[in-house]
> 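Sharing a structure here in structure tokens format.
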Amino acid sequence: MSGLMGLTWRLLRGGGRRGLLGAGLTVAAVAVSTALLLFAVAVNMAFQGRADREAWRNPVAATGKAVAVEAVHADYVRDRRITVVDLAALEPGAAPPPGLARFPAPGEVWFSPALAELAGELPAGQLAGRFPEKVGGTVGDEALVHPGELVAVRGQVPDAPIMTVEPADDPRAGIGPVRISGFAGQPTGDAQAYMALGLIASVLMVVPLLVFGGAAARLTVARRDQRLAALRLVGATPGQVVAMTVAEAVITAFGGAVLGMALYGLGVPLLTGIEIAGGSWFLSDLWPGVLAVLGVLVAVPLLVGLSAVVGLRRVVVSPLGVAKRETPPAMRFVRVVALLAILAVVPALGLGAAVGVVAVVLGLAFLAINLAGPWVVGMLGRIVSRMARGPARLLAGRRLVDDPKAAWRTVSGVALTGFVAGFIGLLSPGSGLFGDADPAELRLSVPAAQVAEVTAGARERLSAAGVPATVKAGGEGGSRLLTASLRERDAASVDRARTALEGLVPGHVATSAADDDRSGIQVLEDIGTGTVTVLTVSFLVAIASAGITAASSILDRRQTYALLRLAGTPLEVLDRARRAETLIPLAVMGGGAIAVGMFCAAPFAISAMNVTGVVTLLVCVALGFAGVVGAGAASAPLLRSVTADPAPRPD
């Protein structure tokens, strides 16, 4: 084995300038794949980390002995949400919640860093006046969803009105007093929704990365196959050929994986600036952990090595055919049948389907497109060859027929991005799902027995705060709704009114209809941010794939190009043929992948395609074609270089 390793290393080093260029392309492809794969893995861990840090604010009722009482509600300032947690210890020495050095004493309030900073910036009548308690300390990062989150933790006595009030029926009012035995809590519904979206986004990013990573093993494959076939013909055993291939692929892939890890490490500070759920990320959120990194560093070279071995069947079985450059047998229609079988399952899915099932079906559909792609490209080649009216189209058609897998590798990245664009484009809800609610009409839930007293108190407090407003109460039953319609509608007046009404009804805060819509609007904004992020990753993969495979294809076929030049074929014709063999399958497979993506998204669409979705699709189509055309143009100098001396080379 050591002899084979030595021979492999010598072949890698002695491959000449173009051999090293081919290995460099593989390293670059694996580095890009590894960096983006680490990001896709880190996304899931980041959402899980947020859910874990937030869980203590979603209390679980004690089944045994209770040690504290916890109540949580939301307040707002300057259109930002404040999470207010009230805690009362039931016994001395109760363990503090995460992020606090000790249990807050009655009459104390602990601020998160962002809330403390904002309270210092705004006038007291707009924010700080809502928390007259003594400041006890700062809430640590381990209790915050994101660095800019606004959180206040107040200490109460167990018999304080806010700790004994009856829980409200409306979940938007918050969580009523709950007797708890600890702060383990459970993930909130919002956190679980974000984790589900993160998992689907990871599938949309990971599958193209795995396809691209696998394709990296097939870069400059023709040159390597020729070399290995020659070794087989002079006596190398199949085992020796496989071992040399695995060694060569793993060595280059490991170098690329290490480089990709370094690239990801450098990019993490930039990635933390992506705002989801109202804030950016802690640096530690986007670090996937030592085990995950080691797993990727091991898995990526193994995947590349496995992909290289899978492509060795012809070399092992028919080395003479490879040496003679015989056209491989056509692929079978079963590839398309596999895609159709998976798509037949999609209509059975819906909003009630388990996230794991949805992720698996999407991933299989993704992979099936990659499986069917070469078969479709081969069919296109036959059609183009028969209908060709010039040498460029004829060359392109023959090339597609001879090696459809290589042609598919050049456009697969953009085609798979089309699937992502089609899926996301149909799921991008429009901004019209929510109305234009009035933020200057504050509402407060009031017990029916206290309506007159609370209404008079609200008028008195608003007048004292200098906020002119019309206050009235309505509704029926045991709970009435007090409404304060502000005459001055600016943000400062709204915050002064909120501060003035704070504590008027224990356990209830004044909110507007705009506050009720805020979480939904936030989700829409986050879907938009996620769309941009996923598409950015997909396009990075697609453009890198198109550029690297285009250059690799030229190196693979340099002898063919040289012979064509010796036969008198102009360089412009070769360039037009290269463009045609790329753009024709791209147009067909890109459009088909978009249609498949939209088909897979249809069961989950909550509205028809809107302007945002149409724009997303059009931008993706334009960027995809521009990326492939640009990649082809960037590799034109390499084509000119390899055909500058058209004499056939002995390698």
Side-chain angles (χ1 to χ4, degrees), residues 38-63 67-68 70-74 81-87 94-104 110-115 137-153 171 174-175 178 180-203 268 271-296 354-356 359 519 522-523 526 529-530 533:
L38 285 172
F39 174 61
V41 172
V43 164
N44 288 277
M45 296 186 174
F47 279 117
Q48 181 65 56
R50 279 188 169 188
D52 293 342
R53 294 196 299 271
E54 189 187 24
W56 72 278
R57 291 181 244 150
N58 190 27
V60 176
T63 55
V67 298
E70 180 177 5
V72 183
H73 68 266
R81 175 189 170 103
I82 306 173
T83 300
V84 182
V85 182
D86 289 286
L87 295 174
L100 272 69
R102 57 178 171 79
F103 203 97
W110 294 55
F111 288 140
S112 65
L115 182 56
T138 302
V139 178
D141 293 347
E142 58 269 35
L144 303 177
V145 173
H146 55 78
E149 190 181 20
L150 306 181
V151 176
V153 182
I175 301 173
V178 178
I180 59 174
S181 56
F183 291 99
Q186 61 184 2
T188 64
D190 288 346
Q192 292 176 337
Y194 276 108
M195 284 192 289
L197 291 175
L199 178 60
I200 293 175
S202 295
V203 171
V268 165
L271 296 175
T272 56
I274 299 174
E275 293 195 357
I276 295 288
S280 56
W281 302 84
F282 292 110
L283 198 63
S284 58
D285 284 337
L286 293 176
W287 174 245
V290 175
L291 290 179
V293 170
L294 291 177
V296 170
V355 176
S519 61
Q522 181 68 64
V523 171
D526 291 340
T529 303
T533 304

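Basis for what follows: all heavy atoms, side chains included, without hydrogens, waters or symmetry-related copies.
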> Once side-chain hydrogen bond (donor to acceptor under 3.5 Å, both in side chains) is applied, do any residues pair with Thr533, and if so which ones, sequence neighbours excluded?
none

> For a quick test of your reading: what N or O donor-acceptor pairs under 3.5 Å do the side chains of residues 193-203 make, sequence neighbours left out?
residue	atom	partner	partner atom	Å
Tyr194	OH	Asp526	OD2	2.3
Ser202	OG	Ala40	O	3.2
Ser202	OG	Asn44	ND2	2.4
Ser202	OG	Gly198	O	2.9

> Side-chain donor-acceptor pairs under 3.5 Å in residues 282-294, sequence neighbours left out?
residue	atom	partner	partner atom	Å
Asp285	OD1	Arg53	NH1	2.9
Asp285	OD1	Arg53	NH2	3.4
Asp285	OD2	Arg53	NH2	3.2
Asp285	OD2	Phe282	N	3.2

> As a quick check of understanding, evaluate side chain to side chain donor-acceptor pair (under 3.5 Å) for Glu54 and Asn58, giving each step before the final call.
CA-CA 7 Å; Glu54 189 187 24; Asn58 190 27; over 6 Å; no

> Show your working on side-chain contact (heavy atoms from CB on, under 4.5 Å) between Arg57 and Val151 and close with a plain yes or no.
CA-CA 10 Å; Arg57 291 181 244 150; Val151 176; 4.1 Å; yes

> Apply side-chain contact (heavy atoms from CB on, under 4.5 Å) to Ala152 and list each qualifying residue two or more places apart in sequence or on a separate chain.
Val109, Phe111, Leu115, Phe131

> Regarding Glu275 and Thr529, is there a side-chain donor-to-acceptor distance under 3.5 Å anywhere?
no

> So Leu150 and Arg81, do their side chains get closer than 4.5 Å, heavy atoms only?
no

> With a 4.5 Å cut-off on side-chain heavy atoms, are Ser181 and Thr63 touching?
no

> Looking only at non-hydrogen atoms, find the nearest pair between Ala95 and Phe183 and report the distance.
O-CE1, 3.3 Å

> Are any of the side-chain heavy atoms of Ser280 and Thr272 separated by less than 4.5 Å?
no

> Report all side-chain donor-acceptor pairs from residues 137-148 shorter than 3.5 Å, counting only partners two or more places apart or in another chain.
residue	atom	partner	partner atom	Å
His146	ND1	Gly148	N	3.3
His146	ND1	Glu149	N	3.2

> Please identify each residue that fulfils side-chain contact (heavy atoms from CB on, under 4.5 Å) with Ala184, with sequence neighbours left out.
none

> Answer whether the closest heavy-atom distance between the side chains of Glu70 and Trp56 falls below 4.5 Å.
yes

> Locate the shortest heavy-atom distance separating Pro104 from Trp110; write the atom from each residue and the value.
CB-NE1, 3.7 Å

> Report the residue from Val84, Val85, Thr83, Ile175 that forms a side-chain contact (heavy atoms from CB on, under 4.5 Å) with His73.
Val84

> Compare every heavy atom of Phe47 with every heavy atom of Trp281, then report the nearest pair and how far apart it is.
CH2-CE2, 3.7 Å

